[in-house]
Structures are given as C-alpha cells and as structure tokens.
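Here's the structure we're looking at; comments come further down.
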Amino acid sequence: MTDLTIRTLDGSTKAFAPDTIAALRGKLRGAVALPGEDGYDAARSVWNAMIDRRPGLVVRCLGAADVINVVKLARDEQLLLAVRSGGHNIAGNAVCEGGLLIDLSLMKSVRIDPASRTARVEPGATLADFDKEAQGFALAAPLGVNSTTGVAGLTLGGGFGWTTRKFGLTIDNLISADVVTADARLVHASEEENQDLFWALRGGGGNFGVVTSFEFRLHPLGPEVLSGLIVHPLDEAGELLSRYRRIAKEAPDELTTWAVMRKAPPLPFLPAEWHGKEVLIFAACYSGDMKDGYEAIKPLRELGKAIADVITPQPFTAWQTAFDPLLTPGARNYWKSHDFADLPDAAIKAIVDAVRTLPSPECEVFIAHVGGAMARVAPDATAWPNRNAHFVMNAHTRWRDKAQDAACVAWARRLYDATASFASGSVYVNFMPEDENDRVANAYGANYRRLAKIKRRYDPQNLFRMNQNIQPDK
Ligand SMILES: Cc1cc2nc3c(=O)[nH]c(=O)nc-3n(C[C@H](O)[C@H](O)[C@H](O)COP(=O)(O)OP(=O)(O)OC[C@H]3O[C@@H](n4cnc5c(N)ncnc54)[C@H](O)[C@@H]3O)c2cc1C
C-alpha cells in the first residue's frame with residue numbers, strides 16, 4: 001500500500017503511511033473512506049452538481065468522539081478541513097479538494113421530549129427527519145421549505161421557512177448546542193454556558209466548530225395546516241405583486257406567503273395549456289387555527305383571477321415536501337440573493353422582466369415574506385443581523401448542461417444588478433454562492449466585528465475556513 005496524500009491549510013500536501021490510517025480506523029466508531037472505498041462518493045456528492053471535489057480522506061463520523069479524533073488530526077497535521085451535514089449549501093463548502101472531510105450525514109438521530117416541548121437533533125438529520133419525528137407529537141420548529149436540506153447548515157446560517165413569521169428563525173428556537181472546537185474539545189453552548197460561542201453559532205455558520213448535537217424549542221402545530229398554491233399568468237405579476245405588497249404588510253404572523261415566478265411545471269391541477277408557460281405562484285401557509293386561516297388568506301385569494309387555487313388543509317409534513325420535486329439534487333445551480341425592506345414597483349418590474357428571459361426551464365425567482373416574530377428580536381441578540389428584512393429575493397438559476405453555465409450565471413448576475421439599488425445591502429449567508437466571499441462582512445453588518453473577535457478566541461488559526469468565512473480578528 002502506498003502513502004495517502006492529504007492537502008494542508010497552506011496549500012501543500014502531507015503524506016500519511018498506511019499504518020497511520022489504520023490506527024485512525026481503529027479509534028473510530030464510524031468509518032474511514034478513502035478514494036474508491038465504500039461511502040467515499042456518497043460523502044463527497046452534494047446537492048449542487050456544480051461542485052465536484054475529491055477530498056484526500058473522508059471520515060464518516062458516528063458520534064462526538066469520532067469528531068474529536070478527526071478535528072485533533074486536522075489540527076495537529078494542519079490539514080484542510082471541510083464539514084458536511086445535509087450537503088445542500090449552494091457554495092459547496094461541505095467538500096474540500098484534496099483535504100479531510102468530516103461527514104456527519106450518518107448522525108441522524110432526532111429525539112423529541114413532548115413534555116418539555118424540546119428536541120435533540122444530530123447534525124446529519126434532514127428537515128424531513130426532524131419534521132416527521134416532531135409532527136408525531138403535533139410539534140414543530142421553524143425550518144426551511146425543502147425537506148432534504150440538512151438541519152445543521154440551515155440552523156447555523158439562521159434558518160427561515162413557512163412558520164418563521166409565527167415562531168421566529170430556526171436559531172431563535174435553538175436552546176443549546178454541543179460543539180467540538182478547533183482545540184478538539186467538546187463544549188456546550190447556551191445562554192448560560194459559553195454565551196459568546198452560543199451567540200456566534202446563531203447565524204455565524206460553520207466558523208466556530210463542529211456541532212454534534214442541537215437542542216431546539218418546539219411549538220404545537222398541525223398535524224394539518226391550511227396551505228397550498230394560487231397560480232396567475234406572469235403577465236399580471238406586476239400589478240398583483242404591487243397589491244400583494246400591502247397584503248403582506250397587513251398579514252398576521254400566522255400567514256406566510258412566498259411569490260414564485262417560473263415556467264409552470266406540469267402540475268396535475270394546472271390546465272395543460274399553462275404547462276411550460278411563465279406564471280406567478282403565491283405559495284401560502286397558515287400556522288394557526290384553520291378557521292382564522294381561511295379569513296387571513298381571503299385577500300390573497302381575491303387578488304386577480306387565478307388560473308388555479310389549491311389552498312387546502314393538508315398535513316404539515318406533506319406541505320414541507322411540496323417543493324421537493326422541483327429541488328432534487330443533481331442539477332447545476334447558481335443563486336443570487338438580496339434582502340429588501342420593501343418591494344417598490346421598480347424592483348418588481350426588474351424581477352418580472354428577468355423572468356420573461358429565464359435561461360433554462362428550471363430557473364425561478366422567489367420572494368419570501370419574512371418579518372413577524374423574526375423582526376421582533378434585536379439585530380445584535382444573535383449573529384444574524386438582518387432582522388428588518390421584510391422580503392428575501394433569491395434568483396435560483398438551475399440547469400443540467402455544463403455548456404449553459406456561463407449564460408445561466410450571467411442571467412442571475414444581471415437580475416442581481418438590476419435590483420441592487422432597491423435592496424437593503426444585507427444577505428442571508430446560506431444563499432451566497434461560492435464566488436461571494438467578499439460579501440461576508442456585509443452579510444453580518446454591525447455584528448461582524450464581534451464575530452471576528454469570537455473567531456479569534458475559538459479558532460485563531462482559521463481551521464474551520466470552508467464556509468462563508470469570518471477572518472479571526474488580528
Ligand atoms: C433546495 C434548497 C432549499 C433551501 N431552502 C431554504 C429555506 O427555505 N430556508 C433556509 O433558511 N435555507 C434554505 N436553504 C439553504 C440552506 O439553509 C443551506 O443550504 C444550508 O447550508 C444547508 O445545510 P446542510 O446541512 O444541508 O448543508 P452542508 O452543505 O452540509 O453544510 C453547509 C455548511 O455548514 C457548515 N456545517 C454544516 N454542518 C455543520 C456542523 N454540524 N457543524 C459545523 N458546521 C457545519 C459547514 O461550513 C458547511 O460547509 C435551501 C437550500 C437548498 C439547496
């Protein structure tokens with residue numbers, strides 16, 4: 001057997017004798033996967049097919065002790081290190097070229113305590129894993145809209161979805177976390193212990209250590225929620241979105257609506273002549289009493305004459321998977337995102353104009369309505385600063401053929417530029433593609449300096465750098 005070569009933090013490589021790798025295997029509960037071995041490709045494959053990296057060594061961890069062993073190896077040998085949970089990050093930071101990959105995707109336990117309405121969740125759990133277990137007790141935490149996304153990356157970046165206006169961001173419901181820090185210690189972070197670290201974890205991404213367990217607060221919800229889609233022709237989007245702006249402002253916290261513009265998928269409830277044509281879709285979810293929900297959704301239903309209206313009571317777990325068929329792994333993806341405090345007509349026009357020239361049939365632009373409970377937390381209470389963002393736009397460019405890369409990326413950048421003057425300047429770190437590292441300081445705004453100081457304390461060498469990276473304060 002030959003030596004194994006692994007990339008280091010300074011860009012050079014280090015050779016490891018087979019005995020060293022065998023000794024590592026002996027220490028672990030989980031598995032080592034070398035290139036070509038079982039599990040290697042599963043661990044290095046992520047949601048965005050634009051990312052195709054080959055780590056030098058993969059460790060598929062099964063517990064905190066495994067993570068401690070691997071972080072210790074990375075620190076002692078100064079190895080380039082990536083951390084993967086659900087593998088959905090658009091920037092692909094979950095995988096590194098030539099370095100050491102900590103794969104947490106096998107750590108999927110979710111334990112609900114119905115009495116205290118709390119959950120303990122391991123980092124490999126997906127939103128579906130968490131939702132299904134919690135809904136077994138008619139409980140939920142606010143998560144995102146695609147059920148195959150990882151709880152870990154979503155939480156560490158902030159996390160928002162259908163119930164955020166009612167229950168806050170995912171991080172607003174985080175009670176504590178177990179973290180393996182860069183010095184290979186397991187520490188507990190909460191409002192009572194390691195408060196600085198706990199503050200930084202709530203929005204600061206993977207910069208501060210490897211989270212091996214999350215503890216969440218849960219809320220009664222469902223099992224059915226009033227939710228679904230209202231579909232209109234794109235030609236009416238300018239006027240409808242302009243009127244929708246007021247409906248969104250006046251909406252109760254229980255009601256969340258996202259406006260999605262794209263070519264209509266061949267959904268069974270849509271007349272065939274609309275399949276493949278550009279449409280505006282209002283996707284809505286009411287997180288409260290069903291009777292109040294019908295009343296709250298009325299203004300949205302009375303907006304224009306819809307092609308289809310399929311808002312109906314359905315299991316929350318079903319609604320949480322409603323968009324999965326459009327967001328399957330394996331396509332090429334590139335995103336550009338802005339936060340907006342408001343959505344002026346000129347911004348709406350720029351977005352609708354862009355949707356008339358979608359570069360591929362799977363592209364879409366969504367405008368998520370946030371605010372509500374999320375906006376009532378102080379911007380410096382957690383690392384996530386964008387509390388006054390009322391709408392989040394994401395130009396979600398998605399295609400299959402590599403030859404279309406340049407055209408699709410250019411389309412997203414044009415839309416981003418055309419709407420920049422209306423945006424608030426902040427951005428959700430979890431929507432930043434790999435070429436946006438220069439946007440990290442802006443993303444955190446006034447919270448960046450405190451994050452940089454905490455980074456210096458917990459990771460002065462920047463061992464955890466495969467992320468939307470916060471440089472340790474000098
Ligand atoms: C189709 C789709 C829909 C989405 N919808 C939403 C949405 O509705 N709301 C929303 O808020 N976000 C949404 N997102 C964004 C999502 O929050 C991010 O992609 C997030 O990073 C995914 O987490 P993951 O665990 O799957 O990612 P991974 O790619 O595995 O991890 C992302 C990064 O997080 C860090 N990390 C991951 N796990 C750990 C850990 N255990 N400890 C320390 N650091 C870690 C690492 O730096 C890693 O590079 C969506 C993403 C996709 C692809």
Side-chain angles (χ1 to χ4, degrees), residues 43-49 51 53 61 64 67 71 81-96 101-105 107-108 121-130 142-164 169-171 177-182 189 200-201 203-214 256 258 283 285 320-321 323-331 333-335 337 362 364 366 368 370 374 384 386 392 394 396 398 428-434 459 463-470:
R44 77 178 189 90
S45 306
V46 290
W47 178 82
N48 185 1
I51 311 298
R53 299 191 186 128
C61 296
V67 175
V71 169
L81 182 65
V83 180
R84 180 225 156 96
S85 286
H88 269 44
N89 197 269
I90 183 72
N93 288 321
V95 201
C96 54
L101 170 60
I102 294 184
D103 174 21
L104 301 167
S105 63
M107 293 172 60
K108 290 169 84 70
V121 183
E122 282 192 321
T126 61
L127 307 197
D129 295 326
F130 190 0
L143 300 169
V145 305
N146 167 231
S147 81
T148 54
T149 308
V151 171
L154 178 129
T155 302
L156 293 168
F160 65 87
W162 299 116
T163 63
T164 292
L169 293 169
T170 311
I171 48 170
D178 291 345
V179 191
V180 177
T181 48
L201 288 176
N207 275 284
F208 303 94
V210 184
V211 177
T212 55
S213 177
F214 296 87
T256 293
W258 289 26
C285 177
Q320 284 287 84
T321 62
F323 292 89
D324 288 3
L326 301 176
L327 300 168
T328 49
N333 291 272
Y334 182 78
W335 294 355
S337 179
E362 292 185 74
E364 66 182 28
F366 73 70
V370 283
M374 158 190 152
W384 166 292
N386 317 330
V392 178
N394 198 5
H396 179 180
R398 181 177 164 91
Y428 178 29
V429 285
N430 273 349
F431 287 174
M432 289 164 60
E434 80 177 308
D459 185 17
L463 179 64
F464 301 110
R465 63 181 65 179
M466 291 295 300
N467 42 45
Q468 279 76 25
N469 196 230
I470 294 160

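Start at 1 with the first residue, then count along the sequence. The shown structure was predicted, so the numbers you read here are calculated from the model rather than taken from an experiment. Atoms within each ligand, like the ligands themselves, are counted from 1 in listed order.
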Query raised in the report: Do you see a donor-acceptor pair shorter than 3.5 Å between the side chains of Arg84 and Ser45?
Result: no

Query raised in the report: Should Gly87 be counted as touching ligand 1, given the test is an N or O pair under 3.5 Å?
Result: yes

Report summary line: Restricting to heavy atoms, the pick from Asn467, Thr170, Val392, Val211 nearest atom 40 (C) of ligand 1 would be Val211

Query raised in the report: At the 4.0 Å heavy-atom cut-off, does Tyr428 count as touching ligand 1?
Result: yes

**Report entry** Nearest protein heavy atom with distance in Å, relative to atom 32 (C) of ligand 1
**Finding:** Asn89 CB, 3.5 Å

Requested in this report: Return yes when Val46 approaches ligand 1 closer than 4.0 angstrom through a heavy atom, no otherwise.
Outcome: no

Query raised in the report: Given that the side chain starts at C-beta and the backbone is N, CA, C, O, which of these parts of Leu104 lies under 4.0 Å from ligand 1, counting heavy atoms, or is it both or neither?
Result: side chain

Requested in this report: Output the list of atoms in ligand 1 that are nearer than 4.0 Å to some heavy atom of Trp47, sorted by atom number.
Outcome: 1 (C), 53 (C)

**Report entry** Among Val67, Val179, Leu104, side-chain contact (heavy atoms from CB on, under 4.5 Å) partner for Thr212
**Finding:** Val67

Report task. Examine the proximity of ligand 1 to Trp335 and report which part, side chain or backbone, both or neither, has a heavy atom under 4.0 Å away. Result -> side chain

Requested in this report: Would you mind telling me which of Thr126, Asp324, Thr321 makes a side-chain hydrogen bond (donor to acceptor under 3.5 Å, both in side chains) with Ser147?
Outcome: Asp324

Query raised in the report: Closer than 4.0 angstrom: is that true for some heavy atom of Gly209 and an atom of ligand 1?
Result: yes

Query raised in the report: Can you check whether Leu154 has an N/O within less than 3.5 Å of an N/O in ligand 1?
Result: yes

Requested in this report: Without swapping roles, check the side chain of Asn394 against the backbone of His396 for a donor-acceptor pair under 3.5 Å.
Outcome: no

Report task. Check if Gly159 has a non-hydrogen atom at a distance under 4.0 Å from any atom of ligand 1. Result -> yes

Query raised in the report: What protein heavy atom sits nearest atom 3 (C) of ligand 1, and how far off is it?
Result: Asn146 CB, 3.6 Å

Query raised in the report: Heavy atoms only: which of Ser85, Gly124, Gly153 is nearest to atom 20 (C) of ligand 1?
Result: Gly153

Query raised in the report: Is there a heavy atom in Phe366 that sits closer than 4.0 Å to ligand 1?
Result: no

Query raised in the report: Which is it for Asn146 and Thr149 under the side-chain hydrogen bond (donor to acceptor under 3.5 Å, both in side chains) test, yes or no, and what are the steps along the way?
Result: CA-CA 6 Å; Asn146 167 231; Thr149 308; 3.2 Å; yes

Query raised in the report: Closest non-hydrogen protein atom to atom 16 (C) of ligand 1, residue and atom name please, with distance?
Result: Thr149 CG2, 3.9 Å

Report summary line: With heavy atoms and a 4.0 Å threshold, my read on which part of Phe464 contacts ligand 1 is neither

Query raised in the report: When you look for heavy atoms under 4.0 Å from ligand 1, do you find them on the side chain of Ala94, its backbone, both, or neither?
Result: both

Report task. State whether the side chain of Tyr428 and the backbone N or O of Gly159 hold a donor-acceptor pair below 3.5 Å, judged by distance alone. Result -> yes

Report summary line: min-distance protein heavy atom vs atom 13 (C) of ligand 1 -> Phe431 CE2, 3.7 Å

Query - Gap between atom CE of Met374 and atom OG1 of Thr163 - 0.5 Å precision - result: 13.0 Å

Query - Identity and distance of the protein heavy atom lying nearest atom 53 (C) of ligand 1 - result: His88 O, 3.3 Å

Report task. Output yes when a side-chain donor or acceptor of Asp103 lies under 3.5 Å from a complementary backbone atom of Ala43, and no otherwise. Result -> no

Report task. If you have a sec, work out which protein heavy atom is nearest atom 45 (C) of ligand 1 and how many Å separate them, to one decimal? Result -> Leu156 CD1, 3.5 Å

Query raised in the report: Which residue owns the protein heavy atom closest to atom 48 (C) of ligand 1, what's the atom, and how far is it?
Result: Val83 O, 3.3 Å

Requested in this report: Under 4.0 Å from a heavy atom of Arg84: give me the atoms of ligand 1 that qualify, with their elements.
Outcome: 30 (O)

Requested in this report: Check whether any heavy atom of Phe208 sits under 4.0 Å from an atom of ligand 1.
Outcome: no

Query raised in the report: What do you reckon, does Phe160 have a nitrogen or oxygen under 3.5 Å from a nitrogen or oxygen of ligand 1?
Result: yes

**Report entry** Distance in Å, Leu143 CG paired with Thr164 OG1, rounded so as to fall on 0.5 Å steps
**Finding:** 8.5 Å

Requested in this report: Run the numbers for me: atoms of ligand 1, each under 4.0 Å from some heavy atom of Gly144, listed by number.
Outcome: 7 (C), 8 (O), 9 (N)

Query raised in the report: Atoms of ligand 1 less than 4.0 Å from Met466 heavy atoms?
Result: 47 (O), 49 (O)

Report summary line: So for Asn93 against ligand 1, with non-hydrogen atoms under 4.0 Å, the contacting part is both

Query raised in the report: Any N or O on Trp258 sitting closer than 3.5 Å to an N or O of ligand 1?
Result: no

Report summary line: Of Ile51, Asp178, Val145, Ile90, the one whose closest heavy atom lies nearest atom 5 (N) of ligand 1 is Val145

